[in-house]
Amino acid sequence: MKKNGQDLGKWGEELTMEMLVMKGYAIRETNWRMPPLEIDIIAIKGNRVVFVEVKTRADGEFDPVLAINKKKQTNMIRAANAYISAYDLPHEVQFDVVLIVGTPETGHTIDHIEDAFYPSLRRY
């Protein structure tokens, strides 16, 4: 069964949640939205709230470095700030990226990059 991009993305997020739970993360939210922003997975691990971006591709013809560009990082940081403010969370913040290449039919690789980036400081 060939998966379209949306099905493939959902499969990748489900696979990521299973992996995170096995690593000791507690899933708090999935596909949290603050239009136009979205965070794929929000989890808790220890004293950290972890915001996870999942990128799933059927083949390896993409550069993982380009998967999370500066604009995507900025949007994740904005959404994370809104989430933390909305729920008044006292946790440290961590941004993870999960890159999945493959399909359920062909097999897959999964790369979990913890602390993939840090929020940049603003100048005033």
Side-chain angles (χ1 to χ4, degrees):
M1 172 176 93
K2 186 169 181 163
K3 295 199 172 281
N4 67 34
Q6 195 172 35
D7 289 343
L8 191 66
K10 184 167 176 44
W11 170 76
E13 289 175 8
E14 290 170 2
L15 194 63
T16 298
M17 285 187 285
E18 290 173 16
M19 178 205 58
L20 291 173
V21 168
M22 288 176 40
K23 287 185 166 189
Y25 290 69
I27 305 301
R28 185 175 164 104
E29 304 263 0
T30 58
N31 301 112
W32 185 82
R33 294 178 191 276
M34 183 195 80
L37 307 173
E38 177 186 356
I39 297 178
D40 293 333
I41 299 169
I42 301 170
I44 301 290
K45 185 169 185 192
N47 65 340
R48 291 184 170 204
V49 59
V50 184
F51 299 91
V52 183
E53 176 68 17
V54 181
K55 292 293 183 189
T56 307
R57 301 292 185 266
D59 59 46
E61 301 206 9
F62 77 102
D63 184 349
V65 174
L66 300 177
I68 308 297
N69 60 28
K70 201 64 162 166
K71 181 179 179 182
K72 183 64 178 174
Q73 290 177 25
T74 299
N75 286 341
M76 282 185 71
I77 292 163
R78 287 178 55 216
N81 283 336
Y83 187 85
I84 289 167
S85 294
Y87 293 98
D88 195 28
L89 296 175
H91 298 74
E92 293 179 26
V93 174
Q94 177 175 316
F95 294 94
D96 288 8
V97 174
V98 175
L99 305 169
I100 299 170
V101 178
T103 68
E105 296 81 15
T106 63
H108 65 277
T109 60
I110 187 166
D111 188 14
H112 179 198
I113 305 166
E114 297 180 54
D115 281 320
F117 62 90
Y118 300 97
S120 55
L121 298 175
R122 289 186 172 179
R123 295 180 192 181
Y124 293 96

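Contact detail for Ala79 and Trp32: the closest heavy-atom pair is O-CZ3, 3.5 Å. The minimum heavy-atom distance between Gly102 and Trp11, with the atom names listed, is O-CZ3, 3.5 Å.
Two residues are said to be in side-chain contact when any heavy atoms from C-beta on lie closer than 4.5 Å; Leu99 and Val101 fail this criterion. Between Asn31 and Asp40, the closest side-chain pair of non-hydrogen atoms falls below 4.5 Å. Using a 4.5 Å cut-off on side-chain heavy atoms (C-beta onward), Ile84 and Phe51 make contact. Residues His108 and Thr56 form no side-chain contact, since every pair of their non-hydrogen atoms from C-beta on lies 4.5 Å or further apart. Between Lys45 and Gln94 there is no side-chain heavy-atom pair separated by less than 4.5 Å.
The ring pair (Phe, Tyr, Trp, His ring centres under 6.0 Å) check on Tyr87 picks up Tyr83, with sequence neighbours excluded. Qualifying ring pair (Phe, Tyr, Trp, His ring centres under 6.0 Å) partners for His91, counting only residues two or more places apart in sequence or in other chains: none.
Val93 and Tyr118 end up in different hydrophobic clusters when Ile, Leu, Val, Met, Phe, Trp and Tyr side chains are linked at under 4.5 Å.
The distance from the CG atom of Leu37 to the NZ atom of Lys72 is 8.0 Å, given to the nearest 0.5 Å. To the nearest 0.5 Å, atom CZ of residue Arg28 and atom CG of residue Leu89 are 5.0 Å apart. Note that the CD atom of Glu13 and the NZ atom of Lys55 stand 10.0 Å from one another [nearest 0.5 Å]. Rounded to the nearest 0.5 Å, atoms CD1 (Ile39) and CG (Asn75) are 10.0 Å apart. Taking OG1 of Thr103 as the start and CG of Asp7 as the end, the distance is 12.0 Å to the nearest 0.5 Å. Within the model, atoms CD1 of Ile27 and CE of Met17 stand 6.5 Å from one another, a figure rounded to the nearest 0.5 Å.
The aromatic rings of Phe95 and Phe117 lie parallel to each other, their planes meeting at an angle below 30°, with 60° marking the opposite boundary.
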Requested in this report: Kindly indicate, with the supporting measurements, whether the criterion side-chain contact (heavy atoms from CB on, under 4.5 Å) is fulfilled by His112 and Leu20.
Outcome: CA-CA 9 Å; His112 179 198; Leu20 291 173; 3.7 Å; yes
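A salt bridge does not link Asp96 with Arg48: none of the charged nitrogens is closer than 4.0 Å to a carboxylate oxygen.
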